[in-house]
There are 2 protein chains.
Amino acid sequence: MEVFPGKILIVDDEPDIVEFISYNLKNKGYLIAAAKDGVEAIRKAKDFRPDLILLDIMMPNKDGMETIRELRNMHEFDDTVIIFLTALNDEKYEIEGLKIGADDYISKPIKPELLATRIGSALRRFRKDDEQEQKQIFGDLEINKTKFTVSYKGQEILLAKKEFELLSLLASKPGRVFLRNEILQRVWGTDVIVGDRTIDVHIRKIRQKAGIDLITTVKGVGYKFEMA
Amino acid sequence: MEVFPGKILIVDDEPDIVEFISYNLKNKGYLIAAAKDGVEAIRKAKDFRPDLILLDIMMPNKDGMETIRELRNMHEFDDTVIIFLTALNDEKYEIEGLKIGADDYISKPIKPELLATRIGSALRRFRKDDEQEQKQIFGDLEINKTKFTVSYKGQEILLAKKEFELLSLLASKPGRVFLRNEILQRVWGTDVIVGDRTIDVHIRKIRQKAGIDLITTVKGVGYKFEMA
DNA sequence: ACTTATCTTAACAATTCCGTAATACGGCGT
DNA sequence: ACGCCGTATTACGGAATTGTTAAGATAAGT
């Protein structure tokens, strides 16, 4: 009888709270990772790929709001549920947080039962189910995020990580043009600074490996995914 | 020819109760092991590989709930039946325990007849019985969880325990990428901390022993099981 | 206690990936 | 046609990740 409800990243600067939450969620069978501030949170999120992030609002070194904004900018976390933790009834943050992309909030002090319930329902609501694999299909092209593969007419195309992420972003909204700027922020993150030509090079590699032209250049604007 | 009914691990901090249960179950032909707390329980479970664990909820040094969670996180015990023992009508724990992966519960004080009945039916209900071995087959490859063996084209491949567990985890969802992080937690457990290269070394050994490449590296992400 | 197998670590090698820079190409306006 | 601007292409070196090996530590078997 296998039970594997999901992976959760806890972000709070107070070790006691992390410990407390961690203990309670481990008992429910979740896999847990923890971070003490926003910067570490983003690093660990990339590594751990949690299904859900529990994020404290008040933190040193990049606060909760800023962290949510940044995560939500990164395509990589489009399907990650974010729940933030506020001091009791701090409505200002509550509304604000939900606006910028959090899915729910929980007020401190934290009651274990409530916490588990909210997390459970949030995961159910957003269907973060480990069983079913996440894939997108466009005609003969298939992008499978669970297996990290792309295939065209059954033939597998081997992409490197950045290439995969880039294609995956563009394909998330077929036909829509992504600005170079947007691509940079969503694939590379806000902090990382890379030159403009870097995108071209990755696009080039995708085109080359794929054989067919999946990506259309919109000069002066950006790129879009489009099947031939 | 007598049917071998199974191996049971009893976990309780009160020696009298252990003795009492043990006596009754031995009479039914079960093989018995015992542990006095959660920590010892996990150690002995790894060793003894019980078909069923009888677990007291109230214990020092890692309580029953925490122990269940830990066992359930470890891929190794996916097929072990867990029954926990509560004080009479402690509904809170009953519901809780079932949610996090226990298969049944029994209230104290324990009546020998009831105990035997429940254990018998739990084993019948959940156990993939000894006759029918549990195995996964992929083309020419066969992974047998009952016999702890792997064979390729009828030829047996001898893997050590960690190697087997690692392969077994990856093969549980063919094609799916497992992050290094996740592998660590699910094969080694939540507490244990081992270096990153450890995984590589085990992967190496599996590849070496198997001869064929069963495992594909996804650079920067993790590993996946995939037949050539 | 001795022997053997298994697990982990550490150091080094090999590989792959990524970003940059240099250059080529192509459209567009003048 | 020429220059300008933005993109395409290519090759290279550093960085990051994984592969490999051997040796020490731990556990298991006799």
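Proteins get letters first, then strands, A, B, ... in listed order; numbering begins at 1 in each.
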**Q.** Qualifying ring-ring contact (aromatic ring centres under 6.0 Å, His included) pairs, either residue in residues 37-78 of chain A, two or more places apart
**A.** none
Q: Cation-pi check, B/Arg176 to B/Phe178: give yes when NZ or CZ is under 6.0 Å from the six-membered ring centre and within 45° of the ring axis, no otherwise.
A: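 Cation-pi check for B/Arg176 and B/Phe178: passes.
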[X] [atom1] to [N] [atom2], straight-line distance once rounded to whole Å:
X        : N      : atom1 : atom2 : answer
A/Lys162 : C/dT20 : NZ    : P     : 11 Å
A/Leu166 : C/dG19 : CG    : P     : 11 Å
B/Arg197 : D/dA16 : CZ    : C1'   : 11 Å
A/Lys46  : D/dA16 : NZ    : C1'   : 14 Å
B/Glu163 : C/dA5  : CD    : P     : 13 Å
A/Tyr223 : D/dG6  : OH    : P     : 13 Å
B/Asp213 : D/dG19 : CG    : C1'   : 12 Å
B/Asp196 : D/dT20 : CG    : C1'   : 16 Å

**Q.** Quiz item: B/Lys219 side-chain donor-acceptor pair to D/dT18 base, under 3.5 Å
**A.**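 Answer is no: no donor-acceptor pair is held.
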Q: Answer yes or no: is there a side-chain heavy-atom contact under 4.5 Å between A/Tyr23 and B/Arg69?
A: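 Heavy-atom side-chain distance check fails, nothing below 4.5 Å.
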Q.
If you assign each of A/Val218 and B/Asp47 to its closest nucleotide in DNA chain D, which residue comes earlier from the 5' end?
A.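 Counting from the 5' end, the first nearest nucleotide belongs to A/Val218.
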Q: Just jot down the side chain to side chain donor-acceptor pair (under 3.5 Å) partners of A/Asn24, sequence neighbours excluded, or say none.
A: none
Q.
When you measure from the side-chain N and O atoms of B/Arg180 to the phosphate of D/dT18, is any distance below 4.0 Å, counting only OP1 and OP2?
A. yes
(Q) Check this one for me: any side-chain N or O of A/Trp188 less than 4.0 Å away from OP1 or OP2 of C/dG19? (A) yes
Q) Taking it one step at a time, do A/Asp200 and A/Arg180 satisfy salt bridge (Lys or Arg N to Asp or Glu O under 4.0 Å)? A) CA-CA 10 Å; A/Asp200 306 28; A/Arg180 298 180 92 84; 2.2 Å; yes
Q. In residues 198-209 of chain A, which residues come under 4.0 Å of DNA chain C by heavy atom?
A. A/Thr198, A/Val201, A/His202, A/Lys205
Q) Can you tell me how far NZ of B/Lys209 sits from CD1 of B/Ile212, rounded to the nearest 0.5 angstrom? A)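 Output value for this atom pair is 15.0 Å.
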**Q.** A/His202: which of A/Tyr223, A/Trp188, A/Phe164 passes ring-ring contact (aromatic ring centres under 6.0 Å, His included)
**A.**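 Testing A/His202 for a ring-ring contact (aromatic ring centres under 6.0 Å, His included) against A/Tyr223, A/Trp188, A/Phe164 leaves exactly one candidate, A/Trp188.
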